[in-house]
Amino acid sequence: MTRGSRFLDLHILQPVTASNLNRGESGHPKTIKLGDAERALVSSAAWKRPVRLEMEEELGESAARTRMVPPVLADTLRQQGWPDDLADFTAAQIAQSAKTGGLKTNPQQGHRTQAMLYLPVDVTDRLLQICADHRDELEQALADQHATGKQAPPVLPTKQIATELTRRTTTINLFGRMLAEIPTGHVDGAVQMAPAFTVHEARLQPDFFTAVEDWPRPNEAGSAHLETAFLTAGVFYRFATVNVTALITNLDGDTAAAQKLIDLFVWTFTMAMPRGKQTSTAPHCVPDLVHYVVRDQRPISYGAAFEQPVTTRGQGYTTPARQTLADYAATIDRLVGTRRRIAHGHATAAGHPIDHLGTCHPGFEDLATACAAAALNPTPRSAGDMA
């Protein structure tokens, strides 16, 4: 978090029907205890991945998190007619030539890298071309290795290999990249995303089921499989914040690109769903409320609003959760003031504006466009506009 940065905070209340969006080791939905009450939990990684994948599909540029760059290259080289030993040697050379001392790999597993790489998927095509351009040197180095019995030194151009392994996509600029073995490839992420949790107590609920045997033998009941699954349901609070200043830096100062990317992120973060147990639960719900705040200096989560579990009050959890969020927004305005608040607004299924949440937008697309514009607005609004 950089002092003087601008942040776009997103607060979402999302009812979700019976589901298992994010499983733990046991296969049961993840839970967490907050305010002495058990809540359903969805980790930030479980929600971030579908957001990233849907954004990449929309942008038409995919990235991969992988340790398999050398094995994939070796397989492709073999398919292109390279001898097995040369293909394997070349895969090792890619890792060895990536930097001084090379990347750490596992030779017993096709030289898969020890560290996870996060890079554009077209990196393999570019690396293959480098290998093709230097095939003569690779063949000579392999022959020398056979002759001497000593490991051949790197023969591929380190600068070119490192450039390919550290290239960025738009989503890498947004979500960041940790690449410890090649420090020049490290990218500070502009997005922070919190785990989602239910605003009320949500215990695991058993779902006993059977799989029917369609060809039962005589005198058999017909059940091929018996099992008990566990599901949860409830209203989740979700929070993410975008460091707008850091994003612009990652995009080399391109504010127009930053605005478009924020617009897409807000829409995708609003609509994307984790994919756990989708086939058997189809929990394709949309948020009831999306609220944004653009602030200077630091982000503010409203998660603490739900430390005391929301109760139904005879009307379900959604309506009281809206009110709790709005009340907490007013509390934050009182505690920290509104001098550094640039803009705020919301879109909701409530059918009417909600006090303390700023401009009421008709839908999520309008909200995404409006808050992206506000996040890039160089001049704060007047105190009257921010009320």
Query raised in the report: Quick check: are there more than 12 heavy atoms from other residues, nucleotides or ligands sitting under 6.0 Å from CD of Gln114?
Result: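 Yes, the 6.0 Å shell around CD holds more than 12 heavy atoms from other groups.
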
Report task. Count the heavy atoms belonging to other residues, nucleotides or ligands that lie under 6.0 Å from NZ of Lys260, then report whether that count exceeds 12. Result ->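 No, NZ of Lys260 has 12 or fewer neighbouring heavy atoms, counting only those of other groups under 6.0 Å.
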
Determine yes or no for a side-chain-to-main-chain donor-acceptor pair under 3.5 angstrom, with [X] supplying the side chain and [Y] the backbone.
X	Y	value
Ser301	Gly303	yes
Ser19	Thr17	yes
Arg238	Leu13	no
Glu213	Trp215	yes

Do [X] and [Y] have side-chain heavy atoms sitting under 4.5 Å apart?
X	Y	value
Glu181	Thr113	no
Ile342	Arg6	yes
Ser43	Lys30	yes
His146	Asp85	yes
Thr31	Leu204	yes
Ile300	Val293	no

Report task. List the steps, then state whether ring pair (Phe, Tyr, Trp, His ring centres under 6.0 Å) holds for His291 with Phe239. Result -> CA-CA 10 Å; His291 170 48; Phe239 172 73; over 10 Å; no

**Report entry** Parallel, tilted or perpendicular, as decided by the 30° and 60° cut-offs, for the rings of Trp47 and Phe236
**Finding:**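 Judged by the thresholds at 30° and 60°, the geometry between Phe236 and Trp47 is perpendicular.
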
Query raised in the report: What orientation do His200 and Tyr317 show, parallel under 30°, tilted 30 to 60°, or perpendicular over 60°?
Result: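 The arrangement is parallel - the two ring planes meet at less than 30°.
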
Got a second to check how far [X]'s [atom1] is from [Y]'s [atom2], nearest 0.5 Å?
X	Y	atom1	atom2	result
Leu179	Tyr118	CG	OH	12.5 Å
Gln93	Leu73	CD	CG	12.5 Å
Leu34	Glu38	CG	CD	12.0 Å
Asp75	Arg78	CG	CZ	5.0 Å
Gln259	Leu247	CD	CG	11.5 Å
Asn243	Arg298	CG	CZ	13.0 Å

Same cluster (ILVMFWY, side-chain, under 4.5 Å), [X] and [Y]:
X	Y	answer
Leu142	Leu128	yes
Leu261	Val294	yes
Ile32	Ile12	no
Leu231	Val235	no
Ile172	Phe265	no

Query raised in the report: Are any of the side-chain nitrogens in Glu201 or Arg203 under 4.0 Å away from the carboxylate oxygens of its partner?
Result: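 A salt bridge is present here (some side-chain N lies under 4.0 Å from a carboxylate O).
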
Least distance between heavy atoms, [X] atom then [Y] atom:
X	Y	value
Pro50	Ala46	CD-O, 3.0 Å
Trp82	Ala132	CZ2-CA, 4.2 Å
Thr245	Gly4	OG1-O, 4.3 Å
Arg177	Leu165	NH1-O, 3.9 Å

Report task. Please assess Phe197 against Phe306 for the test side chain to side chain contact (heavy atoms under 4.5 Å, CB included), listing each intermediate value before the final yes or no. Result -> CA-CA 9 Å; Phe197 63 90; Phe306 304 104; 4.0 Å; yes

Would you mind writing out the side-chain donor-acceptor pairs for residues 148-163 within the sub-3.5 Å range, not counting sequence neighbours?
{"residue": "Thr148", "atom": "OG1", "partner": "Asp144", "partner atom": "O", "Å": "2.9"}
{"residue": "Thr148", "atom": "OG1", "partner": "Lys150", "partner atom": "N", "Å": "3.2"}
{"residue": "Gln151", "atom": "NE2", "partner": "Gln96", "partner atom": "OE1", "Å": "3.4"}
{"residue": "Thr158", "atom": "OG1", "partner": "Ser97", "partner atom": "O", "Å": "3.0"}
{"residue": "Thr163", "atom": "OG1", "partner": "Lys159", "partner atom": "O", "Å": "2.7"}

Under 3.5 Å, is there a donor-acceptor pair between the [X] and [Y] side chains?
X	Y	value
His361	Tyr292	yes
Asp133	Gln129	yes
Thr318	Asp288	no
Thr369	Asp263	yes
Thr241	Gln192	no
Asn173	Arg168	yes

Requested in this report: Keeping to residues at least two apart or across chains, list the side-chain hydrogen bond (donor to acceptor under 3.5 Å, both in side chains) pairs with something in residues 49-70.
Outcome: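 Only Arg52-Glu56, Glu56-Thr171, Glu61-Thr170 qualify under side-chain hydrogen bond (donor to acceptor under 3.5 Å, both in side chains).
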
Less than 3.5 Å apart, which donor and acceptor atoms pair up between the side chains of residues 269-286 and the rest of the protein, not counting sequence neighbours?
{"residue": "Thr270", "atom": "OG1", "partner": "Val266", "partner atom": "O", "Å": "2.7"}
{"residue": "Gln278", "atom": "NE2", "partner": "Pro274", "partner atom": "O", "Å": "3.3"}
{"residue": "Thr281", "atom": "OG1", "partner": "Lys277", "partner atom": "O", "Å": "2.6"}

